[in-house]
Amino acid sequence: IMSSRKFFVGGNWKMNGDKKSLGDLITTLNTASLNDETEVVCGAPTVYLDFARSNLDARIGVAAQNCYKVAKGAFTGEISPVMIKDCGVEWVILGHSERRHVFGESDELIGQKVAHALESGLGVIACIGEKLEEREAGTTEEVVYAQTQAIADNVKDWSKVVLAYEPVWAIGTGKTASPEQAQEVHEKLREWMRANVSEAVADSVRIIYGGSVTGANCKELGSQNDVDGFLVGGASLKPEFVDIINARA
Ligand code: PGA
């Protein structure tokens, strides 16, 4: 039996595209037939948030890819949730592995960002995931539970949070987690939520998978009981993103 959790497909454009190519992608999405049982959100580069929100159909959400932990001030180069909302954008991706591992963001900083984004009224796509050496050392659970704890400590209203499990070894590598590997971690995360947050949140929170999701592998991944959608990088810039949105159609 499929759950009542609404399937959620996020695109993460990362630092890619320009007004021409993103404009073409937006036209493709606006004119495509999209399953209305799926919630769709596109993560745009900061400078294109306004462009993406102005041009994408209202049925498609927009996310920032990061934000800072306070509303305003002397923080050169940063953006705040209130600015994101001012552009009509309703989501932010926080704790992405590239923020953690390329830019050195700690669990503590990510937690503070999560708290402030939620208090400001944004929805949060909160990302977690183990590195290859952690998986090989058998510490996947320990790593993702600790990352989830740092997020959970900062969440009051889970209805505004989507948890994205993205094994670092699967991101941008073409090495997708198998449906069994994804399901195993998602199920454990849901049990962790049951034990550490609440029954109701464990049952309702969307846990989405990210890491080399494609049009070709999305149906099998998306048919797993505890996989409630995807966070898609590379393939979200291509027309095949439509097939991923419609994975459960
Ligand atoms: P990928 O990226 O689909 O290109 O592996 C996923 C992500 O980083 O969210």
Side-chain angles (χ1 to χ4, degrees), residues 7-17 21-22 25 28-29 38-46 48-49 52 60-67 89 91-105 110 113-114 117 122-132 134-135 140 143-144 147-148 151 161-179 181-183 185-186 189 206-222 224 227-248:
F7 206 65
F8 184 104
V9 176
N12 179 5
W13 297 345
K14 307 194 181 184
M15 197 177 73
N16 292 296
S21 64
L22 296 176
L25 177 66
T28 300
L29 295 175
T38 300
E39 183 167 2
V40 183
V41 173
C42 292
T46 304
Y48 298 132
L49 283 172
I60 301 171
V62 176
Q65 298 173 10
N66 189 23
C67 67
V89 169
W91 288 93
V92 64
I93 300 168
L94 289 173
H96 189 274
S97 80
E98 287 142 26
R99 298 306 318 172
R100 292 176 185 272
H101 304 304
V102 182
F103 298 99
E105 293 193 12
I110 293 160
K113 289 180 173 194
V114 167
L122 286 178
V124 172
I125 303 167
C127 307
I128 59 170
E130 82 287 1
K131 295 192 258 187
L132 182 61
E134 294 165 334
R135 174 162 284 260
T140 297
V143 168
V144 299
Q147 291 170 335
T148 306
I151 292 161
V161 180
V162 172
L163 193 62
Y165 169 59
E166 301 201 290
V168 179
W169 48 271
I171 295 179
T173 58
K175 286 188 199 148
T176 319
S178 68
Q181 284 174 318
Q183 169 57 27
V185 178
H186 284 228
L189 285 167
R206 271 94 51 98
I207 306 177
I208 64 175
Y209 167 80
S212 299
V213 175
T214 65
N217 62 31
C218 64
K219 279 193 186 290
E220 217 191 332
L221 281 163
Q224 304 300 307
V227 176
D228 304 314
F230 306 113
L231 186 57
V232 186
S236 74
L237 292 158
K238 302 177 191 163
E240 92 185 79
F241 189 52
V242 172
D243 302 325
I244 300 173
I245 292 167
N246 293 331
R248 280 221 180 142

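Counting starts at 1 for both ligands and their atoms, following the listed order.
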Check: Going by atom types alone, do Gln65 and Trp13 pair a side-chain donor with an acceptor below 3.5 Å?
Finding: no
Margin query: Quick check on the 6.0 Å ring-centre criterion: do Phe8 and Phe230 meet it?
Written below: no
Next item on the list: Please check if the side chain of Gln181 supplies one atom and the backbone of Ser178 the other of a donor-acceptor pair under 3.5 Å.
Entry: yes
Next item on the list: Using modelled atom types only, decide if a donor and an acceptor are shared between the side chain of Lys219 and the backbone of Ala247 within a distance under 3.5 Å.
Entry: yes
Notebook entry, point to check: His186 vs Tyr209 aromatic rings, parallel, tilted or perpendicular, using cut-offs 30° and 60°?
Noted result: tilted
Item checked: Amino acids contacting ligand 1, non-hydrogen cut-off under 4.0 Å -> Asn12, Lys14, His96, Glu166, Ala170, Ile171, Gly172, Gly211, Ser212, Leu231, Val232, Gly233, Gly234
Next item on the list: Answer yes when Glu105 and Arg100 have at least one side-chain N-carboxylate O distance shorter than 4.0 Å, and no when they do not.
Entry: no
